[in-house]
Colleague: 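Pasting a structure here, questions to come.
For the single chain, residues carry numbers from 1 onward in sequence order. All figures in this text were calculated on a predicted structure; none of them were measured in a lab.
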Amino acid sequence: MAGTAPWAGPMPRRARHLIPAELPRRAELIAVCAVAIVVAHLLLAQLTLVLAVVFALVSKASRWRLWWLAAPATAGLAWTLAAGQGNAFSGFTAGPSAILWHLAGGHLAGRAGQPLAGFGGVQNWLPRQFPIALVAGAAEAALIGWLDWLHTDEWAVPPPRPGLIAAVRRAIATRATRAGTVVTREGCALGVVPATGAIAELRWAEAVRGTLVVGAAAQDVTLTGLQVVHAALRRRKPVIVLDPGGELAITRALGAACLATGTPLLAAATPEAAGYAVHVAGAAVATAADTETASASRLWGRGGGPERQPGDQAAVDLGRVVRERAAAVLPADSAELAARACAELAALAGDLRRIGVDGDALVWVPRAERAPAQALRELLRDGPDAGLSVLIGTTSPAAAAELAGLAGTALIYRVADQDLAAGLAARTGTRLLPRPLAAALAGERPDTGPGPGPRARGDTAYQGPVAAAVDLVPSPVIPARVLLTLGRAEFILAASWPRQRLVARGLMVPARLPRAAGRQDGRREARQDGRREARREAEA
């Protein structure tokens, strides 16, 4: 166990030096080596020195990954091959040969006492060094960057900035997701990771143990749930939604997604109300499909509809929903109806476990604060064994704090409660940091009192005299203050099963429904409505 601390993950990398720090007269030795390197470059590789310094300064200022140096190195190699290797090497050595010849005693007439005479004609031979100098300068800049990384403690290394490749990947991923490509190889596309440009996804394997979506803004929480539901319908997963009531947009959105994917929708309401809801959803899809600039919120629909009464509810056969890979809406307008819906889901889970069938279904609870906490806890506990992936959304700090420890995955938007932020930060994992830095990230005053005594060599955190000089304490990978200051549509995804995975900062990208499917289904509904209206007028 040496080198690891089981309570906080692996020990962070400490700074190392090629020349040991305890070596006597180390500073003088480094100065001599630096002067020797500069002199050698001035004599043998003048342009290489200039390019290496420029590349190193660009890397330091931009914080790009060192891979960007492959671009000038590749350009130099291509230039060398195009000019011919012989010509490139002769051009690179022309200047150094003249300088060494002059210093060796082959003086030009009248210039024996001028040591810089060997640099005569520099404007002619210096540009000829460019092909090979590009390759050598990029390699030396990469070596400088690696040494800078090696000489810095892991916690002090600044994070790299996104480069051109990340920007291009981000643009492609954003465009694809916004166009409606929500299904990935392993799960659902939620947006992009700005730092790398990769797609930020929620994997189905991670959702099996339950997913908690929490944030201060209800719109972020709802859009995330709708996106996951859309992807589940694309994968022909059975979808069961607990309708919180008072939000017809959720029912309309589900109806729109079902129309676009050809999924049967079973709603626990009177036939007239269900027909009206599907009709409104179809109209919403048609309107959004005909509008080139339709946003995700307009697509999913916002507006009123028929109000449901508890006496109007009709039971939905959840077994049929699973068998037919359909979608269903269970009423959860009140605590009583929400408890009843959770009881039906618990019964479904029991039946699936009894017959040994994996339901492969998604259960979406848009408003966890309106459902009994005990019922949700039982659903999170019993659902995975029956193949029911529970997706729970909430804006309530109390509900989120109660359910955070039960869900296998947490998807966190900006939160406003400090206690909740501290609890959710622990879900992101821990890392070892110096005590003052950990206190600063936590928003606390650094402890200026005496630290703990020296560690014994049997301690798992002991790393020798250098490591023992720094008091390392466990700290969340994502500090609580970051969760309190996330920007619009930014989120953190922390999965603990089947393996630890963290998306340190993602950007939500709402996906539209497929335009062709929406337009076709919406227009078909409009034509049918027109025929029915004309028929009624003719009969009248």
Colleague: With no hydrogens and no angle check, is any side-chain donor or acceptor of T174 less than 3.5 Å from a backbone partner on A171?
Modeller: no
Colleague: Do the rings of W79 and F130 sit parallel, tilted or perpendicular, given the 30° and 60° boundaries?
Modeller: parallel
Colleague: My understanding is that only one of V192, T224, T177 makes a side chain to side chain contact (heavy atoms under 4.5 Å, CB included) with M508; could you say which?
Modeller: T224
Colleague: For atom CZ of R501, decide whether the heavy atoms of other residues, nucleotides or ligands shown that lie under 6.0 angstrom number more than 12.
Modeller: yes
Colleague: Taking atom CG as the centre, does L81 end up with more than 12 heavy-atom neighbours from other residues, nucleotides or ligands that are less than 6.0 angstrom away?
Modeller: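 Counting other residues, nucleotides and ligands, CG of L81 exceeds 12 neighbours.
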Colleague: Has Q227 got a side-chain atom pairing as donor or acceptor with A511's backbone, closer than 3.5 angstrom?
Modeller: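 Between the backbone of A511 and the side chain of Q227 there is a qualifying donor-acceptor contact (under 3.5 Å).
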Colleague: Can any side-chain N or O of R427 pair as donor or acceptor with the backbone N or O of A404 at less than 3.5 Å?
Modeller: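 Present.
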Colleague: Might you point out which heavy atoms bring H151 and A15 nearest each other, and give the distance in Å?
Modeller: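 Looking at all heavy atoms of both residues, the closest pair is O-CB, 3.3 Å.
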Colleague: Would you call D148 and I144 a side-chain contact if the rule is heavy atoms closer than 4.5 Å?
Modeller: no
Colleague: Answer yes or no: is there a side-chain heavy-atom contact under 4.5 Å between T222 and P366?
Modeller: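 Answer no - side chains too far apart.
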Colleague: Are V221 and T394 close enough that some pair of their side-chain heavy atoms sits under 4.5 Å apart?
Modeller: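 No, side chains not in contact.
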Colleague: Would a distance-only check, ignoring hydrogens and angles, find a side-chain to backbone donor-acceptor pair under 3.5 Å from E206 to T211?
Modeller: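 Here the side-chain-to-backbone pair does not exist.
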Colleague: For a 4.5 angstrom cut-off between non-hydrogen side-chain atoms, does L134 reach F55?
Modeller: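 When only atoms from C-beta onward are counted, F55 and L134 do touch, with a gap below 4.5 Å.
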Colleague: Is the backbone N or O of L226 less than 3.5 Å from a side-chain atom of H230, with the two atoms forming a donor-acceptor pair by type?
Modeller: no
Colleague: Between T409 and L411, does a side-chain contact (heavy atoms from CB on, under 4.5 Å) hold up when you go through it step by step?
Modeller: CA-CA 7 Å; T409 301; L411 202 155; 5.6 Å; no
Colleague: Do V228 and W204 come close enough that some side-chain heavy atom pair is under 4.5 Å?
Modeller: yes
Colleague: Side chains of L18 and L150: closer than 4.5 Å at any heavy-atom pair?
Modeller: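 When only atoms from C-beta onward are counted, L150 and L18 do touch, with a gap below 4.5 Å.
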Colleague: Quick one: do the W68 and S59 side chains pair a donor with an acceptor below 3.5 Å?
Modeller: yes
Colleague: To the nearest 0.5 Å, tell me how far W125 CH2 sits from T93 OG1.
Modeller: 11.0 Å
Colleague: For the pair R414 and E490, find out whether any cationic side-chain nitrogen is under 4.0 Å from an anionic carboxylate oxygen.
Modeller: no
Colleague: Check the surroundings of atom CD in E186: do more than 12 heavy atoms from other residues, nucleotides or ligands lie under 6.0 Å from it?
Modeller: yes
Colleague: Could you go through the side-chain contact (heavy atoms from CB on, under 4.5 Å) check for V214 and L420 one step at a time?
Modeller: CA-CA 10 Å; V214 58; L420 175 61; 4.1 Å; yes
Colleague: Show your working on side-chain contact (heavy atoms from CB on, under 4.5 Å) between L47 and F92 and close with a plain yes or no.
Modeller: CA-CA 9 Å; L47 191 57; F92 185 79; over 6 Å; no
Colleague: T428 side chain to A425 main-chain N or O, any donor-acceptor pair under 3.5 Å?
Modeller: yes
Colleague: Say you draw a straight line from CG of L472 to CH2 of W155; how long is it, rounded to the nearest 0.5 Å?
Modeller: 5.0 Å
Colleague: Take R505 and L486, measure what side-chain contact (heavy atoms from CB on, under 4.5 Å) needs, and give me the verdict at the end.
Modeller: CA-CA 9 Å; R505 193 178 294 248; L486 287 174; 3.7 Å; yes
Colleague: Is the shortest distance from a Lys or Arg side-chain nitrogen in R325 or D360 to a carboxylate oxygen in the other one below 4.0 Å?
Modeller: yes
Colleague: So how far is it from R234 CZ to C188 SG, rounded to the nearest 0.5 Å?
Modeller: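 Result: 12.0 Å between the selected atoms.
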Colleague: Is there a donor-acceptor pair closer than 3.5 Å between any side-chain N or O of R13 and the backbone N or O of T152?
Modeller: yes
Colleague: Can you tell me how far the CG atom of L42 sits from the OG1 atom of T48, to the nearest 0.5 Å?
Modeller: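 Between L42 CG and T48 OG1, I get 11.5 Å after rounding to 0.5 Å.
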Colleague: So for atom CZ, which belongs to R236, do other residues, nucleotides or ligands contribute more than 12 heavy atoms lying within a distance under 6.0 Å?
Modeller: yes
Colleague: Any side-chain heavy-atom pair from L502 and I478 closer than 4.5 angstrom?
Modeller: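 Heavy-atom side-chain distance check passes, below 4.5 Å.
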Colleague: Between R26 and I19, is there a donor-acceptor pair closer than 3.5 Å when you use the side chain of the first and the backbone of the second?
Modeller: yes
Colleague: Nearest 0.5 angstrom please: L507 CG to F491 CZ, how far?
Modeller: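 It is 7.5 Å, given to the nearest 0.5 Å.
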Colleague: Answer whether the closest heavy-atom distance between the side chains of L49 and Q46 falls below 4.5 Å.
Modeller: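 Not touching, per the 4.5 Å side-chain cut-off.
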Colleague: Could you measure the distance from the CG atom of L493 to the CZ atom of R203? Nearest 0.5 Å is fine.
Modeller: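 L493 CG to R203 CZ: 9.5 Å, rounded to 0.5 Å.
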Colleague: So, the side chain of R499 versus the backbone of S496: is there a donor-acceptor pair under 3.5 Å, distance only?
Modeller: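 A pair under 3.5 Å: no.
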Colleague: Can you name the closest pair of heavy atoms from A232 and V239 and give their distance?
Modeller: CB-CG2, 3.9 Å
